[in-house]
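Here the structure is laid out as structure tokens; the discussion comes afterwards.
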Amino acid sequence: MLSVDNTFASPFNQRPIELGADFSVESLTKYINGHGDAMGGAIIGKKEYLDKIRAVSQVNLGGTISPFNAWLIMRGSVTLPLRMKQHNKNALEIAKWLEKQPSVSFVAYPGLESHKGYETAKKQMSPGFGGVLSFGLKADHDTHNKFVSNLKIITSAVSLGHDESLIVFLGENDERQYLYPQEFKNGFFRFSAGIEDTEDLIEDIRQALKSVGFKTTD
Ligand SMILES: *Cc1c(COP(=O)(O)O)cnc(C)c1O
């Protein structure tokens, strides 16, 4: 059986069961709720298996959602398609802008032709490639941190799929280093593009790059 964690893509951009998976797992905490204020999860699949999960796992492991969180997520999910359009647009435009910057060491986003998974992503994702990208600066640990502290609109925080843009710095000392591709090893940012105006976000990144002494192309 194949189970796919579809959290980063969201069902708006990718539907694993239509592509042949047996289960699709979604963290509702992320795009589906969309406002960074509730926690939940969903497993989508055949009824016979879901009945078993409900009867056995939920009883034995206690993984049941609180009614208030369920209500918030139901409310948030109504605007999923509208929000995803802006997440997709922001992430793609920011990824393309970052790729042109001389201070940027790499950009990883499945919607960029330079990404090694681009052809696969294009086949299985539509209309967009989600709101999460990674990038690094040609700079040391402290400069990466200073860049983040000088951002004004983008918030330094973990998680993703929030209406607000979030960025997290994972340094060269990160304990999960062994999982990362070579270009990530000098430290990198995970950036979750929110639903703000695209140009406001680019301007925020531009001014933060300038504040640590980097030139930008535009
Ligand atoms: C956040 C996340 C989870 C876990 O979600 P919860 O918020 O703990 O329910 C699982 N998979 C991915 C890819 C995630 O980003």
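Ligands are counted one by one from 1 in listed order, and the atoms in each one are counted from 1 as well.
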Item to complete: Please step through ring-ring contact (aromatic ring centres under 6.0 Å, His included) for the pair Phe214 and Phe147, ending with a clear verdict.
Response: CA-CA 10 Å; Phe214 286 125; Phe147 165 80; 8.4 Å; no

Item to complete: Kindly indicate whether the side chain of Glu99, heavy atoms from C-beta on, has any atom under 4.5 Å from the side chain of Glu113.
Response: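 Contact flag for Glu99/Glu113 side chains = no.
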
For [atom], find the nearest protein heavy atom and state the residue, atom name and distance (0.1 Å precision).
atom	answer
atom 8 (O) of ligand 1	Met39 CE, 4.1 Å
atom 6 (P) of ligand 1	Ser27 OG, 3.5 Å
atom 11 (N) of ligand 1	Asp5 OD2, 2.6 Å
atom 3 (C) of ligand 1	Lys30 NZ, 3.5 Å

Worksheet item: Is the NZ atom of Lys100 crowded by more than 12 outside heavy atoms at less than 6.0 Å?
Response: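 For Lys100, atom NZ is crowded (more than 12 foreign heavy atoms under 6.0 Å).
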
Discussion item. Salt bridge or not between Arg206 and Glu199? Use side-chain N to carboxylate O under 4.0 Å.
Written reply: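 Yes, Arg206 and Glu199 are salt-bridged.
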
Item to complete: Report yes or no: does Gly40 have a heavy atom closer than 4.0 Å to ligand 1?
Response: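 Flag set, Gly40 near ligand 1.
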
Item to complete: Could you check His115 against Tyr109 for ring-ring contact (aromatic ring centres under 6.0 Å, His included), going step by step and ending with a plain yes or no?
Response: CA-CA 6 Å; His115 192 275; Tyr109 182 63; 8.1 Å; no

Practice prompt. With heavy atoms of Thr29 as the reference, note each atom of ligand 1 found under 4.0 Å away.
Written response: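 What qualifies from ligand 1 is 6 (P), 7 (O), 9 (O).
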
